[in-house]
Amino acid sequence: MSFNLLKGKRGIIFGALNSNSIAWKVAEKAVEEGAVITLSNTPVAVRMGEVSELGKKLNAEIIPADATNCEDLQHVFERSVEVLGGKIDFVLHSIGMSPNVRKKRLYDDLDYDMLNKTLDISAVSFHKMLQMAKKIDAINEYGSVVALSYVAAQRTLFGYNDMADAKALLESIARSFGYIYGREHHVRINTISQSPTLTTAGSGVKGMESLMDFANRMSPLGNANAEECANYCIVMFSDLTRKVTMQNLYHDGGFSSMGMSLRAMDQYEKSFDQYRNEDGTIQYG
């Protein structure tokens, strides 16, 4: 069902790779709600992914770009303004990658060159994106910029590795830039902390399926899926949230407010069985 929440608006979606991507779902929902958009991803992702199919489906031009390269980002914004016929109303930053995670390097044994790449791709690219958009005045007043984050920015979760540091930086950029961009141009900047979601990037995190099961047991509403996250993004792009900025907004079924749920405790207690002696005493080894 469409509510025309984005009727007449123009947007840029960064990071759509395939139909499992949250960015892919956001792009579909944005057009469904009346927007016209462009799509951007790295040249390699455009060649190897399925984004060309999405572009054809949504009548959206695909603009290849390295999000860590300021000149590429400038081209994305300038070309989008040209193609869409005016300044941009909303932007989604759905970009994240950790070479350390891919190479299975533990957090206390990081390769620092790879860490720099993690931070540049997953967080600093957000600053570059905002800085370039502001310099060329590419975003309309009361435009909305959203970046996707995760609760590991605030809490330690096993296996999330240096991506946790990147998400913490991402959220800090949203606050710091949100103040400046809001004060000068009324552009609002927020992050959405989504439930663990089995995207292409998420699947690289160690124990992802177990993490998703744990989060689902902990969350009173269960995990939010990619389509539900897309719906939330649409609301944040719309005029319904004109005064919401500099926030990290949890979209995780309540997980971020929980300490322990009955379902999670029940599963936890069952795990003791393999460590009990004949008298029932738990031996941890």
Side-chain angles (χ1 to χ4, degrees), residues 15 22-23 92-98 100-101 105-108 110 114-127 129-130 144-182 188-199 201-226 228-230 232-233 235-236 241 244-261 263-265 268:
I22 293 175
L92 178 72
H93 178 286
S94 181
I95 301 168
M97 192 277 286
S98 166
N100 277 301
V101 169
R105 297 291 294 260
L106 299 178
Y107 189 74
D108 56 354
L110 293 180
M114 286 194 234
L115 172 61
N116 287 335
K117 289 181 180 178
T118 299
L119 297 177
D120 196 22
I121 294 168
S122 307
V124 179
S125 63
F126 190 42
H127 191 286
M129 191 179 293
L130 293 166
S144 176
V145 184
V146 170
L148 298 183
S149 189
Y150 184 53
V151 70
Q154 285 86 29
R155 302 182 185 183
T156 301
L157 279 92
F158 170 73
Y160 206 67
N161 212 310
D162 59 347
M163 278 299 297
D165 300 329
K167 293 300 186 184
L169 177 56
L170 183 83
E171 292 176 13
S172 179
I173 291 168
R175 291 188 294 270
S176 298
F177 223 117
Y179 163 65
I180 297 169
Y181 221 157
R188 49 209 159 99
I189 303 172
N190 297 284
T191 55
I192 292 177
S193 189
Q194 165 70 2
S195 296
T197 310
L198 203 59
T199 61
S203 62
V205 176
K206 185 175 182 180
M208 185 62 177
E209 290 186 357
S210 298
L211 177 61
M212 289 181 67
D213 179 74
F214 172 71
N216 196 54
R217 292 175 188 273
M218 283 286 290
S219 308
L221 299 182
N223 289 337
N225 62 33
E228 289 166 331
C229 184
Y232 195 22
C233 289
V235 173
M236 294 308 301
T241 53
V244 181
T245 194
M246 300 166 62
Q247 302 299 307
N248 179 52
L249 302 161
Y250 290 102
H251 185 253
D252 59 7
F255 177 85
S256 52
S257 294
M258 289 295 298
M260 177 56 74
S261 72
R263 290 190 299 168
M265 179 63 79
Y268 176 67

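The basis for the numbers below is simple: all heavy atoms, side chains too, and nothing from hydrogens, waters or symmetry mates.
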- Specify the closest pair of heavy atoms between Cys233 and Leu148, including all atoms of both residues, with the distance to one decimal. SG-CD2, 4.1 Å

- Hey, is the main chain of Arg217 close enough, under 3.5 Å, to the side chain of Ser261 for a donor-acceptor pair? yes

- Given side chains that start at C-beta, do those of Thr241 and Ser144 come closer than 4.5 Å, heavy atoms only? no

- Do Phe255 and Phe214 touch side chain to side chain, with heavy atoms closer than 4.5 Å? yes

- Message: If you compare all heavy atoms of Cys229 against all heavy atoms of Ile192, which two are closest, and at what distance to 0.1 Å?
- Response: SG-CG2, 4.4 Å

- Query: Nearest 0.5 Å, what's the CG-CG distance between Asn248 and Asn190?
  - Reply: 9.0 Å

- Task: Could you tell me which non-hydrogen atom of Ala224 sits nearest to which non-hydrogen atom of Ser195, and how far apart they are?
- Result: N-OG, 3.0 Å

- Task: Kindly say whether Ala168 contributes a backbone atom to a donor-acceptor pair with the side chain of Ser172 at under 3.5 angstrom?
- Result: no

- Check whether any side-chain heavy atom of Ile189 lies under 4.5 Å from a side-chain heavy atom of Phe126, and answer yes or no. yes

- Message: Measuring from atom CE of Met236 to atom OG1 of Thr191, what distance do you get when rounded to the nearest 0.5 angstrom?
- Response: 9.5 Å

- Atom of Ala153, atom of Glu171 and distance for their closest heavy-atom approach: CB-OE2, 3.4 Å

- Separation between CD1 of Ile22 and CD of Glu228, rounded to the nearest 0.5 Å: 11.0 Å

- Rounding to 0.5 Å, atoms NZ (Lys117) and OG (Ser98) come to a distance of 11.5 Å

- For Ser122 and Met97, work out which heavy atoms get closest and say how close. OG-N, 3.0 Å

- Query: Which heavy-atom pair separates Met258 from Met218 by the least distance, and what is that distance?
  - Reply: CG-O, 3.3 Å

- Would you check if His93 and Leu170 make a side-chain contact, meaning some heavy-atom pair closer than 4.5 Å? yes

- Task: Applying side chain to side chain contact (heavy atoms under 4.5 Å, CB included), run through Tyr150 and Met163 and close with a yes or a no.
- Result: CA-CA 9 Å; Tyr150 184 53; Met163 278 299 297; over 6 Å; no

- Message: For a quick check under 3.5 Å, do Asp162 and Asn100 share a side-chain donor-acceptor pair by atom type?
- Response: yes

- Message: Applying the side-chain hydrogen bond (donor to acceptor under 3.5 Å, both in side chains) criterion to Tyr107, which one of Thr156, Asp165, Asn161 satisfies it?
- Response: Asp165

- Message: So, taking the atom named CD in Gln247 and the one named OG1 in Thr245, what distance separates them when rounded to the nearest 0.5 Å?
- Response: 7.5 Å

- Query: Are the side chains of Arg188 and Val244 in touch, meaning some heavy atoms are under 4.5 Å apart?
  - Reply: no

